Amino acid sequence: MIVYNDSLSAFRNHVTLNMMVDILLENLRAKGIGGGSSGEINSWNNSLHFMKDVLDDTYFDPDCQVAIEYNIPQTSKRVDFMIMGNDGATDNTVIVELKQWAKVEKVDNNCDHSIMSDLKKNEPVAHPSYQAYSYKRLILDYCDDEHVNNDTLKPCAYLHNMTESYRPVIEDDIYKEWTDEAPVFLKNDVLKMRDFIKQYIHLKAEDGSLLYKIEEGRLRPTKSLQDALDSMLCGNQEFHMIDEQVVAYDKIMKAIKESEKDNKKHVIIITGGPGTGKSVLAINVLARCIIDLKLNASYITKNMAPRKCYANLLAKGNAKKMMNLQKAIQSPWCLPNTINNGLDVGIFDEAHRMQKKPYQYKGNDMLEDAIKAARVSIFFVDDDQRITVNDKYDVDTIIAYARRENAVVHSPYELVSQFRCDGSDGYISFLNDLLEIKQTANNTFEFNKMDVKVFDDPVQMRDELREHNKVNNKTRMIAGYCYDWNVKKKRGDWDIVLPNGFQAKWNLENDDHWAVNPNSFEEVGCIHTCQGMEFDYVGVFIGKDLYYKDGHVLTNRNAISKDDGSSGIRLRTTSDEEADKLIRRTYKVLLTRGLKGCYIYCEDDALRDYLKARLVRGNMA
């Protein structure tokens with residue numbers, strides 16, 4: 001959807017007469033699009049005058065087309081400015097990312113996608129050249145027209161308030177891959193930018209429907225994405241399916257075929273505890289849908305960590321392959337921008353974490369929007385992994401919503417085999433018993449070769465974990481909701497301080513790749529960073545919210561950090577019973593992140609002694 005489109009001559013006139021803001025606001029309302037904040041209005045007032053100056057040249061045909069605020073389908077992303085025309089032989093579109101920034105600085109020499117700006121204090125943002133190039137890739141994913149292709153879309157960025165002194169930063173070599181694809185222009189580059197556009201725009205476009213084709217592009221998987229996923233999965237051991245995963249896979253493929261025949265919505269629910277291979281199955285379904293079936297499919301999960309890390313595992317560090325995956329691996333925040341059945345197949349991992357209307361979500365209800373958006377919806381669910389008061393959706397709720405949308409609901413299928421924790425069902429049962437989450441049929445639990453240790457000294461635990469991490473960078477330290485974010489809040493240099501001189505920080509906010517970043521071992525991951533992820537070894541810090549007394553493991557909601565703004569455990573509206581469940585589930589998630597081993601440090605001495613005694617007695621209750 002495009003908020004504003006008109007001829008170049010009309011655009012110049014609207015800017016000159018200061019009419020643009022009123023026109024844009026009126027069009028936003030008419031099209032039912034959110035926006036029009038004071039920040040956006042300020043941006044329009046400033047940036048569009050600068051673009052008018054760049055295009056104020058008789059070389060450009062006044063009938064060239066201008067588009068402002070193009071809302072890319074199935075995303076919340078808007079392209080600031082586009083101009084369409086012909087270079088004398090070919091129709092082209094120049095994409096412009098407009099920024100009012102005056103100052104920038106690098107985030108880190110390893111962060112080649114992000115940058116710090118003066119308009120986003122203490123918060124990294126995407127480099128504008130990367131943004132412009134990513135918009136090009138997204139448009140290519142949606143426009144099913146041979147004339148809109150890699151050669152005819154020309155992205156660039158215009159930072160019209162930035163002086164020459166910041167060029168060494170904005171064009172630093174770490175951003176070269178993106179500035180080569182989308183050149184960046186600064187305050188004094190008006191003529192350079194005009195010359196850049198002149199290379200591609202002179203006459204009006206021969207295809208008068210070019211703008212319409214971009215706006216109404218058919219949703220489809222691109223050839224580049226098909227090829228990329230094909231090559232990425234080939235020989236990639238992380239995503240091989242075995243046992244009941246392939247049975248579930250066949251059930252899903254059968255449902256997809258049925259939906260093509262009966263033209264109805266279909267809903268499939270796959271359940272399974274931690275480590276049963278839900279995400280591996282989800283990625284394989286995604287690949288089959290895109291590569292072989294040529295369907296418009298997306299893997300959608302609320303947790304950012306799995307999205308980033310699965311993309312990284314698939315792309316293996318190739319930044320442009322990562323770009324190809326943007327449409328295929330998404331956040332549920334894309335759902336309000338997806339038309340009914342806009343997705344052929346929606347693959348919703350960690351569906352128990354979906355919420356009714358989280359902060360800044362533009363839709364009404366994530367689950368309802370998910371079922372509406374996809375012709376076939378596949379939900380991967382573990383009711384015991386709901387870890388905040390807002391995690392509302394379980395299997396019964398999904399079935400109820402699906403029937404409300406007149407969908408064909410397939411019988412839920414459960415994944416049982418354990419692929420994490422050294423394949424030990426006994427370890428999972430032990431945790432259920434220890435945390436008093438579920439009653440077990442017996443009180444003896446076999447761990448196979450699962451390496452479980454309880455430490456008296458957190459420093460010693462970290463030292464041993466560090467040695468494991470040197471092998472393959474697949475060891476991490478994680479903790480629950482107990483510890484304050486002192487560093488983020490500028491209250492101190494450390495977030496987690498424990499006996500014997502142990503000090504650590506929470507994972508860096510700007511490190512979306514914490515689970516795979518080789519420099520992130522020393523930072524402790526939170527539940528939201530590691531849920532859905534797995535490592536060879538994990539070290540879990542159990543805070544004062546879990547303790548042992550009178551023969552039982554108990555919880556203390558008052559020990560939750562005052563900085564916890566996500567779980568809702570401390571809220572007065574949260575019952576003691578619900579808070580108790582959330583704390584126990586949180587620790588079960590944390591204690592099941594390891595494939596080979598789990599090391600544990602408890603702040604409560606009695607809990608530490610109880611755990612050690614349970615392990616010494618051969619895990620007897």
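When reading the values below, keep in mind they use all heavy atoms of this one structure, side chains included, and skip hydrogens, waters and symmetry mates. Just so it is clear, the model here is predicted, and its values are computed rather than measured.
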Might you work through the side-chain contact (heavy atoms from CB on, under 4.5 Å) test for Y133 and E177, ending with a clear yes or no? CA-CA 10 Å; Y133 177 66; E177 184 164 15; over 6 Å; no
Could you walk me through whether T301 and E350 satisfy the side-chain hydrogen bond (donor to acceptor under 3.5 Å, both in side chains) test, starting with their C-alpha distance in whole Å, then the side-chain angles of each, then the deciding distance to 0.1 Å, before giving a yes or no? CA-CA 6 Å; T301 183; E350 305 277 339; 5.8 Å; no
Check step by step if side-chain contact (heavy atoms from CB on, under 4.5 Å) holds for Y361 and Q355. CA-CA 10 Å; Y361 183 68; Q355 299 176 357; over 6 Å; no
Could you walk me through whether D536 and N472 pass the side-chain hydrogen bond (donor to acceptor under 3.5 Å, both in side chains) check? CA-CA 9 Å; D536 278 359; N472 57 6; 2.9 Å; yes
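Counting only heavy atoms from C-beta outward, the side chains of P128 and W178 never approach each other to under 4.5 Å. Looking only at side-chain heavy atoms (C-beta outward), V125 and S114 stay at 4.5 Å or farther from each other. The side-chain heavy atoms of D604 and Y610, taken from C-beta on, include no pair separated by under 4.5 Å. Inter-residue side-chain proximity for L498 and E603 is flagged as met; some heavy-atom pair is nearer than 4.5 Å. Side-chain atoms of F430 and R614, non-hydrogen and from C-beta on, do get closer than 4.5 Å to each other. Residues E467 and K470 have side chains in contact (heavy-atom distance under 4.5 Å, counting atoms from C-beta outward). For the pair Q503/D493, no side-chain contact is recorded, criterion being any heavy-atom separation below 4.5 Å from C-beta on.
A cation-pi arrangement is present between K505 and W494, with the terminal nitrogen or guanidinium carbon under 6.0 Å from the aromatic centre and inside a 45° cone about the axis.
In this view, T574 and V389, R557, L571, E578, A579 satisfy the side-chain contact (heavy atoms from CB on, under 4.5 Å) rule, not counting sequence neighbours. With sequence neighbours left out, N469 forms a side-chain contact (heavy atoms from CB on, under 4.5 Å) with N473, T475, R476, F521.
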List, one per line, each side-chain donor-acceptor pair under 3.5 Å for residues 540-552, sequence neighbours excluded.
{"from": "D545", "atom 1": "OD1", "to": "Y587", "atom 2": "OH", "distance (Å)": "2.6"}
{"from": "D545", "atom 1": "OD2", "to": "Y587", "atom 2": "OH", "distance (Å)": "3.4"}
{"from": "H552", "atom 1": "ND1", "to": "E436", "atom 2": "OE2", "distance (Å)": "3.2"}

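Test W485, Y483, Y481 against D564 for side-chain contact (heavy atoms from CB on, under 4.5 Å) and you get one pass: Y481.
Within 6.0 Å of the NZ atom in K453, the count of heavy atoms belonging to other residues, nucleotides or ligands exceeds 12. Counting heavy atoms of neighbouring residues, nucleotides and ligands inside a 6.0 Å radius, atom NZ of K562 exceeds 12 of them.
Between F348 and F379, the ring-plane angle classifies as parallel under the 30° and 60° cut-offs.
The distance between the ring centers of Y601 and F502 does not fall below 6.0 angstrom.
For D172 (side chain) and Y175 (main-chain N/O), no donor-acceptor pair under 3.5 Å exists by modelled atom type.
Distance CD1/I269 to CD/E414: 13.0 Å, rounded to 0.5 Å.
Between the side chains of D457 and N500, at least one donor N or O sits under 3.5 Å from an acceptor N or O.
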